[in-house]
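Report on one structure; see the data block that follows.
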Amino acid sequence: MAESLRDLFRSLPVFPEQLSRFDASAAPDDPVTLFVQWLREAIDEKVPAPHSMTVSTTDADGRPASRVLICKDVDETGSWHFASSATSAKGRQLAANPNAALTFYWPQVGRQIRIRGAAAPIGAAAGAADFLARPVGSRAEALIGRQSEILDDPADLDDAFEQAQARITADPGLIAPAWTLYAVTAQEVEFWQADHDRRHTRLQYQRTGPAWSRRRLWP
Ligand SMILES: Cc1cc2nc3c(=O)[nH]c(=O)nc-3n(C[C@H](O)[C@H](O)[C@H](O)COP(=O)(O)O)c2cc1C
């Protein structure tokens, strides 16, 4: 069983036959411009949910935890935004240690983008605006405010969901107090382009004061 699973894994292709090209020597001076270029190319190539990213944090004992979140925005200062509940596991972890890593993987173009930096809440007004822009079901789920707690009985979720929806219907401007928009201010952004000969191209940007420096990495 273990053997055949290993064979199955080994037989699976990793990259498509046609891969995107990346000329690192012609890359822009800042990683946000390149991120937006790559994002648009991922959208053109029909990469599903290209705005989803793995967000990694650590708990108080330094144990890492990762989960997928939606990227809400990227600003010109080099911050990547996501939204979640400050009382969730990730919210508590970020309060204790703001250092985070974000990973985008776009298989259809053989590209990975890795970002490291500190996460901080953007502010109550931005969190409220993000909350109100969410669909009713998403708002109801956030209003329940128990993300990552133990659910003893799934019927409790149905009840809580119904109550939260009723509260939103009665007061459409209602905002979940713990809903938070975070910005991860990148210190390091790496662009990774797959190559069939395994001569992958890696370009890493590092923040140096107000500007960015760039260097190539061995694959
Ligand atoms: C595609 C996708 C998008 C998601 N987007 C979000 C999001 O934007 N915010 C969020 O809090 N959870 C989102 N989740 C759920 C998280 O992955 C995670 O289950 C949840 O936030 C609890 O994480 P935690 O226990 O580490 O706090 C998403 C999951 C998937 C698969």
Side-chain angles (χ1 to χ4, degrees), residues 32 35-36 38-43 45-75 78-109 111-154 156-158 160-161 163-165 167-168 174-186 189:
V32 174
F35 178 86
V36 174
W38 277 30
L39 176 70
R40 292 197 188 285
E41 287 168 21
I43 293 166
E45 293 301 322
K46 312 241 176 318
V47 172
H51 57 333
S52 59
M53 58 186 183
T54 300
V55 177
S56 304
T57 52
T58 53
D59 70 13
D61 300 321
R63 294 179 305 172
S66 296
R67 78 291 288 158
V68 175
L69 300 181
I70 293 296
C71 180
K72 295 292 181 104
D73 198 7
V74 185
D75 64 38
S79 294
W80 273 254
H81 302 184
F82 63 83
S84 194
S85 169
T87 54
S88 67
K90 79 184 83 53
R92 294 194 306 273
Q93 288 161 8
L94 287 170
N97 177 5
N99 290 309
L102 316 176
T103 312
F104 292 84
Y105 175 45
W106 297 326
Q108 290 80 352
V109 287
R111 286 177 169 175
Q112 171 183 231
I113 301 174
R114 303 167 63 191
I115 298 153
R116 299 172 78 201
I122 296 181
D130 179 83
F131 184 81
L132 290 174
R134 291 166 53 104
V136 173
S138 308
R139 273 184 277 157
E141 178 249 290
L143 201 57
I144 297 169
R146 300 187 63 178
Q147 190 178 59
S148 313
E149 286 183 22
I150 293 168
L151 175 64
D152 289 317
D153 182 352
D156 294 343
L157 173 60
D158 296 338
F161 202 82
Q163 285 174 26
Q165 276 188 314
R167 287 179 65 201
I168 290 169
L174 202 58
I175 289 155
W179 192 252
T180 305
L181 192 61
Y182 292 90
V184 173
T185 301
V189 185

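Ligands are counted one by one from 1 in listed order, and the atoms in each one are counted from 1 as well. Because the structure is a prediction, the values reported are computed rather than measured.
- Protein heavy atom at the shortest distance from atom 3 (C) of ligand 1 is I70 CG1, 3.8 Å.
- No N or O atom of L69 sits closer than 3.5 Å to an N or O atom of ligand 1.
- Among the atoms of K90, some N or O lies under 3.5 angstrom from an N or O of ligand 1.
- A donor-acceptor contact closer than 3.5 angstrom links the side chains of R67 and T57.
- Per-residue contacts place A83 under 4.0 angstrom from the following atoms of ligand 1 (heavy atoms of the residue considered): 7 (C), 8 (O), 9 (N), 10 (C), 11 (O).
- Nearest protein heavy-atom contact of atom 11 (O) of ligand 1 is S84 OG, 2.7 Å.
- Looking at A65, S138, S148 and measuring to atom 24 (P) of ligand 1, the nearest heavy atom belongs to S148.
- When only interatomic distances are considered, the shortest N/O to N/O separation between R67 and ligand 1 falls below 3.5 Å.
- Considering only non-hydrogen protein atoms, atom 17 (O) of ligand 1 sits nearest to V68 O, 2.6 Å.
- Any N or O atom pair closer than 3.5 Å counts here, and Q147 shares at least one such pair with ligand 1.
- The side-chain heavy atoms of V189 and W80, taken from C-beta on, include a pair separated by under 4.5 Å.
- Proximity to A89 (heavy-atom distance under 4.0 Å) selects the following atoms of ligand 1: 24 (P), 25 (O), 27 (O).
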Residues 119-133 side chain polar contacts: donor-acceptor under 3.5 Å, at least two apart:
unit_1 : atom_1 : unit_2 : atom_2 : d
D130   : OD1    : K72    : NZ     : 2.8
D130   : OD2    : K72    : NZ     : 3.1
D130   : OD2    : W179   : NE1    : 2.8

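- A donor-acceptor pair under 3.5 Å is formed between the side chain of R139 and the backbone N or O of R134.
- Remark: the backbone N or O of T87 is paired with a side-chain donor or acceptor of S85 at under 3.5 angstrom.
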